Amino acid sequence: MPKDLQLFPDSAATGAAGVDANYLYILAVSVFFAVGISLAILYFALRYKRKSEADVPKPIHGSIALELTWTIIPFLLAMTMFVGGAVVFFRNYQAPANSMEMFVVGKQWMWKIQHPSGVREINELHVPLNRPVKLTMTTEDVIHSFYIPAFRIKKDVVPGQYSTMWFEANKVGKYHLFCAEYCGTQHSGMIGSVYVMEEADYEAWLSGSVRGETMQQAGERLFNRLGCATCHKADNSGRGPTLVDLFGKPVKLQNGMSVIADEGYLRESVLKPSAKIVSGYAIEMPTFQGQISEEGLLQVISYIKSLSKSAQTAAPAPAAAPAPDAAKKGGN
Amino acid sequence: MSSAVNTLPMPENVGESYLTKGKGVMSWLLTKDHKRIALLYLLSITFMSLLGGFFAALIRLELITPGGDLLSAESYNKTFTMHGVIMVFFILIPATPAVLGNFLMPIMIGARDLALPRINLLSWYIYVLGAAFTLFSMLSGGVDTGWTFYTPYSSTYANSAVITAALGAFISGFSSILTGLNFIVTVHKMRAPGMTWFRLPLFVWAHYATALVQILGTPVVAMTILLVALERLFGFSFFNPNTGGDPILFQHMFWFYSHPAVYIMILPAMGVISELVTCFSRKKVFGYSFIAMSSVSIAVIGFIIWGHHMYVSGQSVYAGMVFSILTFIVAIPSAVKVFNWTATLYKGSISYDAPMLYAFGFFGLFLIGGLTGLFCANVAVDLHIHDTYFIVAHFHYIMVGGAIMGYLGGLHFWWPKITGRTYPELAGRISAIFVFLGFNLTFFPQFLLGYLGMPRRYHAYPEEFQILNMMSSAGASVLAIGYTLPMIYFVWSLFAGPKASANPWGAKGLEWTIPSPPPLENFTEIPIVTEEAYAYAPEEAEEHEVKHHV
Amino acid sequence: MSEHHEHHIAPKSMYFTIFGALMALTFLTVAVAKVDLGRANVIVALAIAGVKASLVVLWFMHVKHNTPLIKLTVGVGFLWLVFLFVITFSDYLSRGMMGWPQNWGATGPVILNTTPPPGVEAHGEGAASHGPAPAAGHAETAAPAHGAPPAPAHTPDTKGH
Amino acid sequence: MSSQVLDHSAAHPANPNFQHQFEDLNQQYASTTFGMWVFLVQEILFFGALFCAYAIYRATYPEAYAAASHHLDVTLGTFNTVVLIGSSLTMALAVRCAQLGRNKGVLGYLFTTFMLGNVFLGVKVVEYSDKFKHHLVPGANFYMGGPYNEQAQIYFSMYFAMTGMHALHMIIGAGLLIFFMWKAYNNTYSTEYYGPIEIMGLYWHFVDIVWIFLFPMLYLIA
């Protein structure tokens, strides 16, 4: 038997309060208007019931004053609702600088989640309490939507692009994870759960769970195996621009414009190098489309991020780095 | 209780009506008379609504239990897709304009027929062709992309009859375009002398605004669906991410039409409600020009707010803000309408005939539907409720609570005029009450489900949502009863219903000055209109008798 | 309501002058396309096409001497086109703005997103010897001064004609 | 005389093409031409959606568009533009003859328009076969070479969609021209009844305007 009838979802993230506040405010205004108008209609319907067929009511054309009042007041109310929503929406886009990075790859009917420390999960996400977590998400096939009702957030993952979303869990527990954008036969099977754990439990789980090399190490291994290092040398002597200290910085392009080197830019430069050529370089880089999976891309990007001093996110130092110490910097 | 007193001298039903004026099937299939074409539409739309309703029943039955045990996942997806495609393209969009609009609009403005009768018949044949394609796609394995055909699933990954269903929707779009074209030309060029724009009944204003949306919106979705079909058939890459295409561009072009399409569905119903409220409170409408202008402003603003379907889709933050402000602005004209209708009831002489009960039902449901739209327009709340059952409940309150209630109310109100027979009054009231109660029982729990986070289009759902889903399915059976009642007593009234007089409700409007059912040419003489719309009260200043020479 | 309007028949010469103008504009637009004006090419091509289209609409389709209703209809048609273009582009142009995550990748034109997010100085300031010359001003054509010149000596000009 | 009732019988002209739902031929002419203009507004939006997709992808991949458009033959495109504007001229002259009631002139000009339309379609067939030969049709065996091979598929998808839809409208137009040539042959048109020819003219000029925008957008990318 399902547990008792729950009418309001529990909230387990800092962002949830903002959404609930907006919801309750609009609910209050709506109930006020709905009840007001329904009572007016009911009262008029009863009060002015047709007594006899012959009676003909006095015609009332209308009044400009009344029309203006019930145009301007709803307009102002609506604008306050807009502002309430916009504030929370903006906050949702600004992931705090010190947030933990996690990577999500949607695939027809499962969520593959990678932690920077190398832990991989399917349809499950373990997060520490009171720590901002930033998700960088993409999909290998169709559009899905990463949705955690208890945190009141969702974001579509679109093929060919990275979508980002962040939250800060503030209540321990196990919460639903849904796919909210229709994605095919098992759309309703693409669900899972998010475990919010105390800091200590999270560290214990992290070290306890089986994992190989960290994402940066896997990225570096891929970086060398695919031959990126031959052109992208650390001292910028190769045929391609150096990647040291690149992440997060604006890059001057061939056509005179500049663009911020974020995850999406790095991903596109790997898969479609000709799309944006760095100024001063030839179009020589081959496409790696099909030679590198979405997870591999995320690992290479993590490696490139690790080369940047300024964008050094507080990636949790792997508790026990079983792998040999980081390969020597900057490739051969 | 039904008011039978007529206030205008009534020509008795002399001569042949449009029903008796031509015999045999060909006289119907090749008719150019807007009244017969309206009846052809009535039959085909009723058939399609049986089909759409069947799929709705299947969905509700499936969702009684958390596990997906009535239908397999794939057939459930095909069921809700077919429910969506049939309801949107073949019932909600054509219903009021093609049936009531086609029949009444020419008569209301004092014309013999629509401006382009052959194009009107062509529009019905295109509708039938589109319906044939959609039904063929059903027979050849069904389509499981949802009525929105989102790429890249619809263009690359779906392995069902997507192209046939897409062509069905594509073709039905042109039927809607031709109806809109006919209405615009007729209102501009065919009004009787004296029928100025601000003497037009609000029913005509609402259909004029609808026609604007049909003309300006439908071609964009027609092209978008064509591009998806080309991409799927020949491997062209319009929205294919592998070659640099952007699935979000499909969503932009799709919703550019599909949001104004919801105004194609609701505006005609608003037109019907304006007529019902004035007739049954026997009073001039409150703020005539405000209601007329709010219809047109809904049609225009409706075109620049489609992005509220895409707040979480990867659209930029800036665009989300722009669409949110504009979406809140479009809510204002709808609010103005509801306020004006309520004010019309003030100091009226209100009778509770079946059409008026449908109008009260419309008020209740459209209020909830419209106000829940504010939640969806708010970007923060939409982060949570997008693609959940909150959205499903919202648009059902507007589309079924608004558009279908208005359509049924209009059908009851003009049934005597269309068929010359009177439907059983008590049965009409009972069906209105059933529909109102059944509707609230079905869709109100879904608001709660939505905020709890139950996503849309789910074949199986977590257990804690079961109680609310069961309530919703229970309500659906009451709603089903409410909808089948009219079908029974309308058909019954065709044979055994008492003959209807020309003006059974004592209503104002040119359609009530001609016999029911009306003669083929509508008017023996084109009338000269000299008074305002809904001039119920014998005001001394405007006391002009509508001249009639039989 | 039928309004009565007399039809004046345009002289044949009008049609030929308009035809001549259209021919001239056609060859003009082809000639201008050969000159590389950078992004202005699109604007010029659209302007010429706009002039040609309005010539056809006003004279060949008789909208010039037509009722205001017809003129309004033509105007509404193009106004709705502007709605579609402007609002769809407002999404695409603002995807990278103000340092928000660009969720880049498949699309996102480069036009407006040149401001780095707050607190991040431009690439290469620190490592003067690394990477192409810091984006000081528009030094896009000068060969970037850095360690080892890339293989091809001159800046590869991908903007071939 | 201010009779309240419009005297109905006098307004019925004897013209066989008069449709009875109208009051008189003027109302018929006004309604039908206005109806055509509303139809053309719908066509503007129909092609507008295509141009919007084209514009978004051109802003996103300007170099790919430039590289791909070099595979189009500008001289053939220019020739086609001249042919189509010429057919627009002859169409306008046909309408003028109809207004003057010269059915022979109408027939002649319609025939010239019809032939020019076929020349245009012939050139399109040549261009399309050239694209097929050079593997430039998007899909499995598309290969353009060069760094922009991927995004060029978008350009050519747009190319085929836009010029294909335009050619389809030309074919429909050609069919209509045949119908109107047959009507002109039967001396249908006169100074007070020439609406249908003007409507055909509006349709043909619209298709010409679409090409006026298509030509620079597809062929003349620097």
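Below, chains carry the letters A, B, ... as their sequence lines are ordered, and counting in each starts from 1. Just so it is clear, the model here is predicted, and its values are computed rather than measured.
Contact annotation for B:Asn522: neither backbone nor side-chain heavy atoms come within less than 4.5 Å of a heavy atom of chain D. For D:Met158, the parts lying near chain B are the backbone and the side chain together; criterion is any non-hydrogen pair under 4.5 Å. Interface remark: B:Phe250 contributes no atoms to any contact with chain D (heavy atom separation under 4.5 Å). Both the backbone and the side chain of B:Met223 come within less than 4.5 Å of a heavy atom of chain D. Contacts of B:Leu249 with chain D are made by side-chain atoms alone, with heavy-atom separations under 4.5 Å and no backbone atom involved. Of the atoms belonging to B:Leu227, it is side-chain heavy atoms, and not backbone ones, that fall under 4.5 Å from chain D.
Rounded to the nearest 0.5 Å, atoms CD (D:Gln19) and NZ (B:Lys32) are 6.5 Å apart. Rounded to the nearest 0.5 angstrom, B:Asn182 CG and D:Ser31 OG are separated by 10.5 Å. Note that CG of D:Leu45 and OH of B:Tyr257 are 12.5 Å apart. Values are rounded to the nearest 0.5 Å. In this structure, OG on B:Ser237 lies 8.5 Å from CZ on D:Phe142, to the nearest 0.5 angstrom. To the nearest 0.5 Å, the span separating CD on B:Gln214 from CD on D:Gln42 amounts to 11.5 Å. Put simply, CZ on B:Phe234 and OG on D:Ser157 are 12.0 Å apart, with the number rounded to the nearest 0.5 Å.
Look at D:Glu23 and B:Lys189 and you find no salt bridge, because none of the NZ, NE, NH1 or NH2 atoms lies under 4.0 Å from a carboxylate O.
The heavy-atom pair separating B:Leu226 from D:Met165 by the smallest distance is CD2-CE, 3.2 Å. Across all their heavy atoms, B:Asp113 and D:Gln21 have their closest contact at CB-CB, 3.8 Å.
For the pair D:Thr60/B:Asp246, no side-chain contact is recorded, criterion being any heavy-atom separation below 4.5 Å from C-beta on. Using a 4.5 Å cut-off on side-chain heavy atoms (C-beta onward), B:Leu181 and D:Phe39 make contact.
Annotation: B:Tyr157, atom OH; neighbour count of heavy atoms from other residues, nucleotides and ligands within 6.0 Å is above 12. The number of heavy atoms from other shown groups lying within 6.0 Å of NZ (B:Lys21) does not exceed 12.
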> Between B:Met190 and D:Phe22, is a side-chain contact (heavy atoms from CB on, under 4.5 Å) present by the stated rule, with each step listed?
Replying inline: CA-CA 8 Å; B:Met190 305 277 289; D:Phe22 294 115; 3.5 Å; yes
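Highest contact tally toward chain D, considering only B:Ala111, B:Ala115, B:Ala222, is held by B:Ala115 [criterion: heavy-atom pairs under 4.5 Å]. Taking D:Thr32, D:Val41, D:Leu50, D:Asn149 one by one and counting their heavy-atom pairs under 4.5 Å with chain B, the maximum is reached by D:Leu50. Comparing B:Gly235, B:Ala211, B:Pro219, B:Gly180 by heavy-atom pairs within less than 4.5 Å of chain D, the highest count is held by B:Pro219.
Using cut-offs of 30° and 60° for the angle between ring planes, the B:Phe236 and D:Phe160 rings count as tilted. Taking the six-membered ring where the residue is Trp, B:Phe170 and D:Phe46 present tilted rings, their angle falling between 30° and 60°.
With hydrogens and angles disregarded, no donor-acceptor distance shorter than 3.5 Å links the side chain of D:Tyr57 to the backbone of B:Gly244.
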